[in-house]
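Here is the naming used below: chain letters follow the sequence lines, and residue numbers restart at 1 for every chain.
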Amino acid sequence: MVTSKGQRLQFELDDDDLKLFCEETDEQIELLDTCLVQLEGEPEPELLQQIFRAAHTLKGSSATIGHKKMANLTHAMETVLDAVRQGKRAPTSDVVDALLAGLDALRILANEVVTRVDSGIETGGLEADLHAVLESPAPEKDSDAATGKGGLTYALSEAVQSAAHESLAQGAACFLVEVQIALECQLPSIRGFQVLQELDALGTPLQTWPDREVIEAGAGELSLAAVLISRQSEEQLQAAVGVVSDVSRVSAKALSAEQLSGPIGAAAGSPEAPAAQGRPQLSVVDNGAEAAKAPKRAAAQSVRIDVERLDGLMNLVGELVIDRTRLQQIREQLAAVLKDANLTELTENFEETTAHLARVTDELQEQIMRSRMLPVRSVLTRLPRLVRDVATKCGKKVDLLTAGEETELDRSVIEEISDPLVHILRNAVDHGIEPPEERRALGKPETGTVTVTAWNQETYIYLSVKDDGKGIDTRRLRQKVVEKGLMSREAAEAASEEQAIQWIFLPGLSTAEKLTDVSGRGVGMDIVRTNIERLNGQITVYSTPGVGSEVVVQLPLTLATTKALMVMARGTVYAIPLVSVTEALGDHEADIHSVNGMKMLRLRSRLLPMMDLASVLGDTRPKNIDAGRFLVAARHGDRHVAFTVDRLLGEQDVVVKSLGDLVGGRRGITGATILGDGTLGLIVDTPSLVNEQALLVTA
Amino acid sequence: MATILVVDDAAFMRMRMSKILAEAGYEVIQAENGLEAVEKYKASKPDAVLMDITMPEMDGLTALKEIRGHDPQARVAMVTALGQQQIVLEAVKSGAKDFLVKPCEGDRVLAAVSKLCA
């Protein structure tokens, strides 16, 4: 290799990246420094994984910035470590020596990135050494004593050893149980927990890898091992554990007293192990275990990340999710085509890889989404001041209580939730809480209380604003809707209390006796609701006269993806956000009526105006044969409609893409999503379509 | 043939699941929320339950606990979307025998159900 000491070097990274690169590189080199020396002898699987991961990370980051020399060297180191990890090469002193020499060179190479000057270091020899180490067979004495042929080894703690010996003495048997979870399993960590439950039922697991706490926290990996005391046979154990879904391989091997004294070897070397040895140990990429280990090195591992960069990452993951879906479709097509060509091994490998890619992508998406989460505290801390100001202005005494500050949500949602929340809170203080004298007369404490609570439930965040004021005056609301001409007197009187309460969301309605400069008049709750529903959220209000009212806002945790019902209408795929869908049914089971020439669907004593989805969105192409075979009932607030569509395609998480300025704000469409086959799907703006329909009906 | 209770608030999912099961010869009863699931379980004591997690009225986890409280032998599999790992884990800790990740392929549903009924 030609080196030119002192020459300027170019790397593909800017100053911001440089900082991150150095922090991460230093961290990994330091980790290798500590761990490589422990490698010699009988390494624990966990240590090996940790070292391998560090080398792998270094390789990836150096290759990314175009540091070829560093990438090549780390690649050579990684290859050796992989062989050790798979039990093909014992970590003898010559292996460790070669790795440590490589590490020293890495330090110098990493520094080149800072100085941008060629250090002149020669790595070809080191790479050759590493290669040579791999070629030379491991000396016999270094191979594992207990089960022979290398493979992963498990070190038993002394306490476990003595407990195992004791059980053997009492006539129970001691087993090494190794379990592999299928690659395509989507929640392997939970399968791991189920395996642990089985083991608990079968006997006493003395020690498990990963640790019991890790498995119980749902952070297990694709493989799991345990030393189990049991009175069952090997076959019985294998059968019982094999009952857990997605378990692809189980081995249970009885251990002798002698075997228990040393580190115990993996079934990779035992005769009855299936021919899966050559398969790479994919459990390394499982970051569940990483998360569980994180606290040990938490301080060094946190890095501040530019929000823009996170947005960029989120976008890339969105692309990846799309590719994943496409790949899965291609896989199905390939499998169908190649089935006859006797290429099953090829398709199996491909399937395994796509399944794994799918799992990693899902996990990656979730992890990145998590990294964009902020505690809702930043919004809540603004509120005490606001409440104080509003209360002073309208001469009221109000205490604000907040709870759930730690609730996390996506930063995009945080930005959007602030204004509606402020508005709801103002309303609560201004219209909800009574003046002190009135409260005293009612026997309530002079100081009113407003409680703001935030909590997560599944993929939603909930924010509740609750006051102990007078509640919503429905008698007054009934008068108002009639005065404003929004409803006939009969209809207003006939409405139930619950229905009347929801009228506070009607545009142009305010029941405040006087116009105040705090909440204004009538430009409140309808706009709040529109904004929240634009975010695919929902707002609900509860009220008890004299006791108080509560407004609950439900929002998705992220705006980057949304759950939707995918439908087909005249050849175009539409995504109807699930939050607005109440029901989907075939037209043969639908009860359709004609009212004043308009088709209506009767659904649970409610008449829903029917809209042809494609037509209403401006699709003028002729209808095809199966047009309108299905109905999707959707709602916005208390208005319901039924969209007619040609086919129901199922529920799906869609990545929301803005249509951008090019297409402009197309009516009834909030955005687009790219489907598995690469075509575009349009995301339906249910609120605007429902409102449009309402106008039509009134007209 | 065994009777399966399919619980999901989404009519479409219920329809699909029920179709898959009915075609395989199972007797299917449906419930559209956790509350209804508990009532129907008590009334008809199905052999197995496929339980969605996110539902109005009563969520799947609560319904699971109620059903297991009523019948400790109840065989329930959770039907989950991705991103609900912690809830699924809690469900398994609370006695759910298995879980399925949406979107569920027909053969996976049948495999899980036959395992539940075994």
**Student:** Select one option (side chain, backbone, both, neither) describing which atoms of L196(A) are under 4.5 Å from chain B's heavy atoms.
**Tutor:**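 It is neither, since no heavy atom gets under 4.5 Å.
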**Student:** Do the charged groups of D200(A) and R212(A) touch, with an N to O distance under 4.0 Å?
**Tutor:**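 Here D200(A) pairs with R212(A) in a salt bridge, since their nearest N and O are under 4.0 Å apart.
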**Student:** Would you call the rings of H70(B) and Y41(B) parallel, tilted or perpendicular if under 30° counts as parallel and over 60° as perpendicular?
**Tutor:**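 Perpendicular: the ring planes of H70(B) and Y41(B) meet at over 60°.
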**Student:** Test D8(B) against every option in R14(B), M51(B), R16(B), M17(B) by the side chain to side chain contact (heavy atoms under 4.5 Å, CB included) rule and name the one that passes.
**Tutor:**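 Looking at R14(B), M51(B), R16(B), M17(B), the match for D8(B) under the side chain to side chain contact (heavy atoms under 4.5 Å, CB included) is R14(B).
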**Student:** Do the charged groups of K42(B) and E66(B) touch, with an N to O distance under 4.0 Å?
**Tutor:**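 Judged by the 4.0 Å cut-off on N to carboxylate O distance, K42(B) and E66(B) do not form a salt bridge.
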**Student:** Test L613(A) against every option in T644(A), V567(A), V641(A) by the side chain to side chain contact (heavy atoms under 4.5 Å, CB included) rule and name the one that passes.
**Tutor:**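 The residue from T644(A), V567(A), V641(A) that satisfies side chain to side chain contact (heavy atoms under 4.5 Å, CB included) with L613(A) turns out to be V567(A).
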**Student:** If you check every heavy atom in residues 106-118 of chain B against those of chain A, which residues fall under 4.5 Å?
**Tutor:**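 Within residues 106-118 of chain B, near chain A: R108(B), K115(B).
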**Student:** Quick check on K97(B) against chain A: is it the side chain, the backbone, both or neither that has a heavy atom closer than 4.5 Å?
**Tutor:**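 Backbone of K97(B) only, per the 4.5 Å heavy-atom cut-off to chain A.
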**Student:** Would D246(A) and R191(A) pass as an ion pair if we require N to O under 4.0 Å?
**Tutor:**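 Salt bridge present between D246(A) and R191(A).
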**Student:** Kindly give the heavy-atom pair with the smallest separation between L5(B) and P46(B), and that separation in Å.
**Tutor:**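 Smallest heavy-atom distance, with atoms named: CB-CG, 3.7 Å.
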**Student:** Compute whether any side-chain donor of one residue and acceptor of the other, for N456(A) and T407(A), lie under 3.5 angstrom apart.
**Tutor:**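 No - no donor-acceptor pair under 3.5 Å links their side chains.
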**Student:** Would you say that K93(B) contacts F193(A) through its side chain, given a criterion of any heavy-atom pair below 4.5 Å between the two side chains?
**Tutor:**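 Sidechains of F193(A) and K93(B): in contact.
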**Student:** Do you know which two heavy atoms are closest between I67(B) and A37(B), and how far apart they sit?
**Tutor:**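 Between these two residues, the closest heavy atoms are CD1-O, 4.3 Å.
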**Student:** Do you know which of V243(A), L578(A), V632(A) has the most heavy-atom pairs under 4.5 Å to chain B?
**Tutor:**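 Heavy-atom pairs under 4.5 Å are most numerous for V243(A).
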**Student:** Applying side chain to side chain contact (heavy atoms under 4.5 Å, CB included) to V645(A) and Y574(A), what does each step give before you reach the verdict?
**Tutor:** CA-CA 9 Å; V645(A) 300; Y574(A) 295 96; over 6 Å; no
**Student:** Please flag which part of V581(A) lies under 4.5 Å from any non-hydrogen atom of chain B: side chain, backbone, both or neither.
**Tutor:**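 Contact with chain B is absent: no heavy atom of V581(A) under 4.5 Å.
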**Student:** I need the contact set between residues 21-34 of chain B and chain A: heavy-atom distance under 4.5 Å, sorted by residue number.
**Tutor:**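 Contacts with chain A: E32(B).
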